[in-house]
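In what follows, a structure is listed as structure tokens, so that the remarks can point back to it.
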Amino acid sequence: MKKFSSLLTLTILSTLTFAQKSNYNLIVGTYTAPGKSEGIYIYDFNSATAATSIKSVTKNTANPSYLASSPDHQFIYAVNETGATSTVSAFKYDAASGKLTLLNKVDSDGADPCYITVDNKNVIVANYSGGSLAVFSRKADGSLTEALQIIKHTGKSIDPKGRQESAHVHMVKFTPDHRYLIVNDLGEDQTYIYNYNPTAKEEILTIKSVLKTNAGSGPRHITFSPNGKFAYLAHEFNGSITAFAYANGTLTKIQEIGTTPKDFTGKIDGADIHVSADGKFLYETNRGDANSISAFSILPNGKLKFIETLSTLGKGPRNFTIDPTGKFLLIGHQYTNNIVIFNRNKNTGKLTDSGKRIDVGAPVCLLFD
């Protein structure tokens with residue numbers, strides 16, 4: 001009985017220690033050109049106070065604009081967005097020190113990769129200017145093979161400013177069941193759903209279906225509800241959000257909702273979109289002349305109900321993230337070279353300025369690990 005009691009005590013203490021964890025690594029991908037950033041930054045983030053301190057800077061990696069962490073948290077993968085010479089880098093990751101050690105770098109097989117995703121078997125990138133996606137296998141040591149599969153999109157759409165004269169793959173994201181890959185093509189106004197066979201020798205991805213979005217909307221980023229039943233697609237050109245019901249590789253549209261006032265006439269440039277971990281709230285950012293973030297509550301049927309739109313307190317909000325406790329929301333601003341930290345009310349979803357900032361050159365991707 002004493003042995004059982006001691007074991008129970010240890011289990012409770014272990015659970016409490018985990019629950020009370022207050023420090024996390026915040027990993028920041030940036031644009032190193034025109035020179036205010038030196039590479040990939042890792043900060044110690046205190047989730048009780050939102051206080052931050054620098055742990056490491058990984059230099060000599062050009063424009064590591066977007067990052068992904070492996071499921072076992074042992075490796076970090078980064079795109080190097082440098083036009084026709086773009087690459088993908090693999091790093092060994094030491095969470096305790098924040099140190100990244102370069103393992104290898106391979107050709108991205110498409111110009112300007114802007115998104116990257118990883119699972120236990122593969123790394124997949126979206127090549128924006130190249131209009132393609134590429135699949136790389138992960139070796140046992142975490143390094144990357146050359147591309148095993150490259151899929152080139154060839155369509156276009158109607159944007160009068162020339163941003164849709166060719167395909168622009170903007171995001172690659174696994175569905176919650178991990179059986180499919182969602183690929184948003186901003187240039188074509190299309191969202192592709194690919195079957196995913198991670199162990200296939202040749203065709204790891206095969207086309208399942210294609211969704212046409214509203215012409216001239218520019219589908220950019222998509223996110224799923226934690227229960228996997230709903231998906232929300234943010235459109236770059238008009239800032240609108242399309243809500244879908246999701247099941248078995250099928251997206252069924254249930255709502256279209258805007259994120260700017262009806263009388264807004266400036267440039268919108270929708271950027272990023274995320275759902276809170278409890279599945280209750282959704283947030284979306286706009287760049288351009290808007291520089292705003294909108295909050296919505298998620299109803300039981302998956303539809304969105306508007307809460308508020310407020311300034312992001314910076315210029316060029318790109319990626320944003322909610323810290324693991326849900327208390328803070330952090331927004332990276334490409335043009336004002338900082339990360340603005342908002343307090344987040346977990347009951348109402350509303351945001352208020354914490355007054356805390358992280359000064360860092362051209363932040364593009366924020367990742368807690």
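- Between Leu148 and Phe136 the shortest side-chain heavy-atom distance does not fall below 4.5 Å.
- For Phe91, there are no ring pair (Phe, Tyr, Trp, His ring centres under 6.0 Å) partners, not counting sequence neighbours.
- Surrounding NZ of Lys208 are more than 12 heavy atoms belonging to other residues, nucleotides or ligands, all under 6.0 Å away.
- Using a 4.5 Å heavy-atom cutoff, the side chains of Lys92 and Asp94 are not in contact.
- A side-chain N or O of Thr30 and one of Ser37 form a donor-acceptor pair less than 3.5 Å apart.
- Cation-pi check for Lys55 over Tyr43 is not met; the charged atom does not lie both under 6.0 angstrom from the ring centroid and within 45 degrees of its normal.
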Apply side-chain contact (heavy atoms from CB on, under 4.5 Å) to Val169 and Ile151, showing your working. CA-CA 10 Å; Val169 177; Ile151 299 174; over 6 Å; no
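- The distance from atom CG of Asn338 to atom CD1 of Ile358, rounded to the nearest 0.5 Å, is 9.0 Å.
- A donor-acceptor contact shorter than 3.5 Å is absent between the side chain of Asn104 and the backbone of Ser143.
- At a cut-off of 3.5 Å, with distance as the only test, a side-chain donor of Thr82 or Thr85 sits close to an acceptor on the other residue.
- A donor-acceptor contact closer than 3.5 angstrom links the side chains of Asn195 and Thr206.
- For Ala200, the side chain to side chain contact (heavy atoms under 4.5 Å, CB included) test picks out Asn197, Ile204, with sequence neighbours left out.
- Counting non-hydrogen atoms of other residues, nucleotides and ligands closer than 6.0 Å to NZ of Lys152 gives a total above 12.
- Side-chain atoms of Thr285 never come within 3.5 Å of backbone atoms of Ile293 as a donor-acceptor pair (strictly under, hydrogens ignored).
- By the side chain to side chain contact (heavy atoms under 4.5 Å, CB included) test, Thr242 pairs with Leu233, His235, Phe244, Lys253, Glu256, sequence neighbours left out.
- Annotation: side chain of Thr309 is not in contact with side chain of Thr260 (no heavy-atom distance under 4.5 Å).
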Evaluate the criterion side-chain contact (heavy atoms from CB on, under 4.5 Å) for residue pair Lys346 and Lys280; output intermediate values, then yes/no. CA-CA 9 Å; Lys346 291 191 279 188; Lys280 294 180 179 180; over 6 Å; no
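- Criterion: ILVMFWY side-chain heavy atoms under 4.5 Å apart, direct or through other members. Under it, Val183 and Leu211 are part of a common hydrophobic cluster.
- Contacts of Ala247 classified as side chain to side chain contact (heavy atoms under 4.5 Å, CB included), with partners at least two apart in sequence or in another chain: none.
- By the criterion of side-chain heavy atoms lying less than 4.5 angstrom apart, applied directly or through intervening Ile, Leu, Val, Met, Phe, Trp or Tyr residues, Ile182 is grouped together with Leu133 in one hydrophobic cluster.
- Lys356 pairs by the salt bridge (charged side-chain N to carboxylate O under 4.0 Å, His left out) definition with nothing, not counting sequence neighbours.
- For the side chain to side chain contact (heavy atoms under 4.5 Å, CB included) test, residues two or more places apart in sequence or in another chain that qualify with Lys161 are Asp159, Arg163.
- A side-chain donor-acceptor contact under 3.5 Å links Asn46 to the backbone of Thr49.
- At least one side-chain heavy atom of Leu144 sits under 4.5 Å from a side-chain heavy atom of Arg138.
- Under the 4.5 Å side-chain heavy-atom criterion for grouping Ile, Leu, Val, Met, Phe, Trp and Tyr, Val172 is connected to Val210 within one hydrophobic cluster.
- Every ring pair (Phe, Tyr, Trp, His ring centres under 6.0 Å) that Phe368 has, sequence neighbours left out, goes to Phe45.
- A distance-only check finds a donor-acceptor pair linking the side chain of Tyr77 to the backbone of Gly142 [under 3.5 Å].
- Residues Asn343 and Ser354 have side chains that never bring a donor and an acceptor to within less than 3.5 angstrom of each other.
- Between the side chain of Asn25 and the backbone N or O of Asp44, no donor-acceptor pair lies under 3.5 Å.
- Side-chain polar atoms of Asn291 and Thr312 form no donor-acceptor pair below 3.5 angstrom.
- Between Thr259 and Ile241 the shortest side-chain heavy-atom distance falls below 4.5 Å.
- Here the OG1-CG distance, from Thr191 to Leu251, works out to 7.5 Å after rounding to the nearest 0.5 Å.
- Ser129 and Asp112 share a side-chain donor-acceptor pair at under 3.5 Å.
- Residues Phe75 and Val118 are not in side-chain contact: their nearest non-hydrogen atoms beyond the backbone lie 4.5 Å or more apart.
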If you apply the rule side-chain hydrogen bond (donor to acceptor under 3.5 Å, both in side chains), what do you find for Asn127 with Ser132, and how did you get there? CA-CA 5 Å; Asn127 291 304; Ser132 65; 3.2 Å; yes
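- For residues 256-311, the ring pair (Phe, Tyr, Trp, His ring centres under 6.0 Å) pairs, not counting sequence neighbours, are His274-Phe320, Phe296-Phe306.
- Ring geometry for Phe224 versus Tyr246: interplanar angle over 60°, hence perpendicular rather than tilted (30 to 60°).
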Can you list the steps and then say if Ser69 with Ile27 is a side-chain contact (heavy atoms from CB on, under 4.5 Å)? CA-CA 10 Å; Ser69 174; Ile27 310 171; 5.7 Å; no
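- Residue Asp72 places its CG atom among more than 12 non-hydrogen atoms of other residues, nucleotides or ligands, all under 6.0 Å distant.
- With sequence neighbours excluded, the residues satisfying ring pair (Phe, Tyr, Trp, His ring centres under 6.0 Å) with Tyr196 are Phe174, His178.
- For Lys212, the NZ atom is densely surrounded, since the number of other residues' heavy atoms within 6.0 Å is greater than 12.
- Using cut-offs of 30° and 60° on the angle between ring planes, the pair Tyr192 and Tyr194 is parallel.
- The salt bridge (charged side-chain N to carboxylate O under 4.0 Å, His left out) pairs that include a residue from residues 294-321 number zero, where partners must be two or more places apart or lie in different chains.
- Put simply, the side chain of Thr223 reaches to within 4.5 Å of the side chain of Leu282, judged on heavy atoms.
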Decide yes or no on side-chain contact (heavy atoms from CB on, under 4.5 Å) for Tyr232 and Glu284, but give the supporting numbers first. CA-CA 10 Å; Tyr232 303 92; Glu284 188 268 356; over 6 Å; no
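- Residues that satisfy the ring pair (Phe, Tyr, Trp, His ring centres under 6.0 Å) test with Tyr66, not counting sequence neighbours, are Tyr115.
- Looking at Arg220 and Met171, their side chains never come closer than 4.5 Å, going by heavy atoms from C-beta outward.
- Judged by distance alone, with hydrogens and angles left aside, the side-chain atoms of Gln149 form no donor-acceptor pair with the main-chain N or O of Val135 at under 3.5 Å.
- Asn319 and Asp272 share a donor-acceptor pair across their side chains, judged by distance under 3.5 Å alone.
- Side-chain N/O atoms of Ser65 and Asn63 include no donor and acceptor closer than 3.5 Å.
- A side-chain donor from one of Tyr31 and Glu81 sits under 3.5 Å from a side-chain acceptor of the other.
- At least one donor-acceptor pair under 3.5 Å links the side chain of Ser225 to the backbone N or O of Phe230.
- A donor-acceptor contact closer than 3.5 angstrom links the side chains of Thr61 and Asn80.
- The salt bridge (charged side-chain N to carboxylate O under 4.0 Å, His left out) search around Arg179 returns none, not counting sequence neighbours.
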